[in-house]
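The basis for the numbers below is simple: all heavy atoms, side chains too, and nothing from hydrogens, waters or symmetry mates. Just so you know, ligand 1 is whichever comes first in the structure, and atom 1 is the first atom listed for that ligand.
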Amino acid sequence: MVLGCAIQLGIPDVIHSHKQPMTLSQLVSELKLPPAKSDAIHRLMRLLVYSGFFATTNTILLDENQQGYYLTPSKLLLKSEIPNLSPYVRAIVSVNPWQSLGDWFLGNETTPFETAHGAPMWEFFHQNLRFNNVFNEAMASDSQIMCLVVKDCKEVFLDMDSLVDVGGGTEIIANTILAAFPHLKCTVLDLPHVVANMPDTQNLKYVGEKDISEILQMASEMFQAQAHIYKHALSYANCMVLSCAIQLGIPDVIHSHKQPMTLSQLVSQLKLPPAKSDAIYRVMRLLVYSGFFATREFLDENSESQQAYVLTPSSKLLLKSEIPNLSPFVRAMADPVMVNPWQSLGDWILGNETTPFETAHGAPMWQFCDQNPRFNNVFNEAMASDSQMMCLVAKDCKQVFQDMNSLVDVGGGTGVIAKAILAAFPHLKCTVLDLPQVVANMPDTDNLKYVGGDMFHSIPSADAILFKHVMHNWSDEDCVKILKKCREAIKDNKKNEGKVVIIDIVLDRDEDEDEANMTEVKLIYDVAMIVLLTGRERTEKEWKKLFLEAGFMTYKITPLFGIRSLIEIFP
Ligand SMILES: C[S@@+](CC[C@H](N)C(=O)[O-])C[C@H]1O[C@@H](n2cnc3c(N)ncnc32)[C@H](O)[C@@H]1O
Ligand SMILES: COc1cc(-c2oc3cc(O)cc(O)c3c(=O)c2O)cc(OC)c1O
């Protein structure tokens, strides 16, 4: 989606036309964007540089502290060049059929595409001229890349007189072959609506009806760049396929089986028709490749060798019967409400709404949650499942909570973290403060109270004020306002000594870099905060600036929770 947005804005072309490394301000000005969008462009570009689509350099042509962007494999995305894979990327960011994968397994339509759009793909294209064009352009752009090497295919085409390009679309490959081998008579055979307006020439006719390894090697750099682009353009598919496996209950079924499970056992236990076996096999093949399942060889009762599926550490975290269970998190992130705003990123940069979420759904995220009880539950369960992970280490945070008597968990959702802290430190009095719709039906206990309110308005007084995944939802200006409220809450406290505890991402911590792709996840989170809210992920320097502005004097960062750190700040 982020790559699709960069293409929509024309970023590769603008950097290309600039002919030398381009600074952020040059880029924003050349794109004719308001300066207010500079920060978002900087953060998109930071992710795209990390993913290898652009690179940065310090150059003497630029001011001392400035970096300039230049092109890498993104050269393949230039609208002015051939090949240009932009139409392909823009076409395949349509996620709806992927979101229907699970429903399709449980239903009767021929394909998830039909489940999502109500008609098979070719019929849909026939009825939908806009998408028909988008798709044909995408396929043509994919063909362009092969055009560059066709002339080297002498041994393939030289001894032929005629050739039929079946499903040849709108001619690109056939014309390229003809340019290199003009003696050929070519026919492009495709569906009638695809070739409807294509004019025949002397040696190219359109018909509408209902070793290459050496060359590949020569072109390896270009094809690698193509693969890089396609991998990223299709990366949302990984999320959808994982979500589908959870919807069908695959991790749970394999877990209950208690031994490696064959494909036929899996299909039968999932109560799916045998006709869906092949699709389950192919979905599992992808999930094995991504590390969510593994296969084991074992001998069946007839002493025949069989492949069978087992869980991996990642799928063990998706079991509905266990704690922690991250399934609600995956299901929420694959929910159309969460996915659609990414498709609005480019429109938001060109428009006036506060966030891409608002561009897509017509209301800011917390207001939308208030008006949509279904999504409110989905989101709260996702956050609660994420919190379960931290419960496992809460008891190890003695030095953080031991000397406190009271704690307020601000934006504490349904109280999962507060309960875990209470289990480890039962002497504490806890309050969870969250928006009224989130805590509406939560029952108080002896030492846990829920308060519906607004942290910008007032925060109950306590020895420690906790924020987990809250500060990163808000802009710097809002964070300073919230932190000032915290100082008042701590000051009101009779003991008059207290602290704020923040659990959130810290960017650019050298020790985390590259460990299990932590940097990539952190940068994706940062762009997610552009897409959903007005927040951001922060470097230590950026955090420090906020603390000082809000009047706090000292802080301590402890990397405790994978991609997140525990930050304590003191007045
Ligand atoms: C990303 S969630 C984090 C939930 C929880 N801390 C966790 O980590 O699981 C952010 C929370 O902030 C809450 N929130 C948003 N605006 C708020 C406000 N003005 N006052 C209090 N809570 C708010 C949301 O309802 C949501 O539960
Ligand atoms: C952990 O704290 C938060 C996470 C998220 C969040 O949101 C999205 C949204 C999306 O469209 C796709 C995604 O992959 C994700 C995430 O992975 C993710 O973690 C959102 C938050 O607040 C709104 C969080 O505080």
Answer yes or no: does an N/O atom from [X] fall short of 3.5 Å to an N/O atom of ligand 2?
{"X": "Trp366", "value": "no"}
{"X": "Met383", "value": "no"}
{"X": "Asp386", "value": "no"}

Asp370, Leu435, Asp409, Val410: member with heavy atom nearest to atom 23 (C) of ligand 1: Leu435

Among Asp434, Asn380, Leu433, closest by any non-hydrogen atom to atom 13 (C) of ligand 1: Asp434

Looking at [Y] and [X], is any side-chain nitrogen of the basic one under 4.0 Å from a carboxylate oxygen of the acidic one?
{"X": "Lys468", "Y": "Asp386", "result": "yes"}
{"X": "Asp39", "Y": "Arg536", "result": "yes"}
{"X": "Arg43", "Y": "Asp526", "result": "yes"}
{"X": "Lys522", "Y": "Glu537", "result": "no"}
{"X": "Glu540", "Y": "Lys544", "result": "no"}
{"X": "Lys499", "Y": "Asp403", "result": "no"}
{"X": "Arg46", "Y": "Asp508", "result": "no"}

Quick check: are there more than 12 heavy atoms from other residues, nucleotides or ligands sitting under 6.0 Å from [atom1] of [X]?
{"X": "Lys320", "atom1": "NZ", "value": "yes"}
{"X": "His457", "atom1": "NE2", "value": "no"}
{"X": "Lys449", "atom1": "NZ", "value": "no"}

Lys481 charged N/C atom sitting above Trp474 aromatic ring, 6.0 Å / 45°: no

Number the atoms of ligand 2 from 1 as they appear, then name those within less than 4.0 Å of a heavy atom of [X], with their elements.
{"X": "Met338", "answer": "7 (O), 9 (C), 10 (C), 11 (O)"}
{"X": "Leu532", "answer": "7 (O), 8 (C), 9 (C), 20 (C), 23 (C)"}
{"X": "Phe379", "answer": "22 (O), 23 (C)"}
{"X": "Met365", "answer": "23 (C)"}
{"X": "His472", "answer": "2 (O), 3 (C), 24 (C), 25 (O)"}
{"X": "Trp342", "answer": "10 (C), 11 (O), 12 (C)"}
{"X": "Asn473", "answer": "21 (C), 22 (O), 23 (C), 24 (C), 25 (O)"}

Ligand 2-proximal atoms of Met1, by part, heavy-atom distance under 4.0 Å: neither

Close side-chain approach of Ile569 and Thr554, heavy atoms under 4.5 Å: no

Give the atom numbers and elements of ligand 1 that come within less than 4.0 Å of a heavy atom of [X].
{"X": "Lys468", "result": "3 (C), 5 (C), 6 (N), 7 (C), 8 (O), 9 (O)"}
{"X": "Ser387", "result": "7 (C), 8 (O), 9 (O)"}
{"X": "Asn473", "result": "1 (C), 10 (C)"}
{"X": "Asp454", "result": "18 (C), 19 (N), 20 (N)"}

Closest contact, heavy atoms only, Pro112 versus Ser100: O-CB, 3.8 Å

Heavy-atom closest contact (Ala489 atom, Pro460 atom, distance): CB-O, 3.7 Å

Answer yes or no: does an N/O atom from [X] fall short of 3.5 Å to an N/O atom of ligand 1?
{"X": "Gly411", "value": "yes"}
{"X": "Gly412", "value": "no"}
{"X": "His472", "value": "no"}
{"X": "Trp474", "value": "no"}

Candidate pair Ser458 and Lys485, rule side-chain hydrogen bond (donor to acceptor under 3.5 Å, both in side chains), full reasoning: CA-CA 7 Å; Ser458 132; Lys485 284 277 167 218; over 6 Å; no

Relative to ligand 1, is [X] under 4.0 angstrom through side chain, backbone, both or neither, heavy atoms considered?
{"X": "Phe329", "result": "neither"}
{"X": "Val438", "result": "side chain"}
{"X": "Val416", "result": "neither"}

Centroid-centroid under 6.0 Å between Phe368 and Phe357 rings: yes

Nearest-neighbour protein heavy atom for [atom], which is reported as residue plus atom name and distance:
{"atom": "atom 21 (C) of ligand 1", "answer": "Met455 N, 3.8 Å"}
{"atom": "atom 16 (C) of ligand 2", "answer": "Met333 SD, 3.3 Å"}
{"atom": "atom 20 (C) of ligand 2", "answer": "Met529 CE, 3.6 Å"}
{"atom": "atom 1 (C) of ligand 2", "answer": "His469 ND1, 3.1 Å"}

Donor-acceptor pair, side chain of Ser387 and main chain of Ile417, under 3.5 angstrom: no

Sub-4.0 Å heavy-atom contact, Leu533 with ligand 2: yes

4.0 Å heavy-atom contact, Arg564 with ligand 2: yes

Reported CD-to-CG distance for the pair Gln247 and Leu242, which is rounded to 0.5 angstrom: 12.0 Å

Asp386 heavy atom under 4.0 Å from ligand 1: no

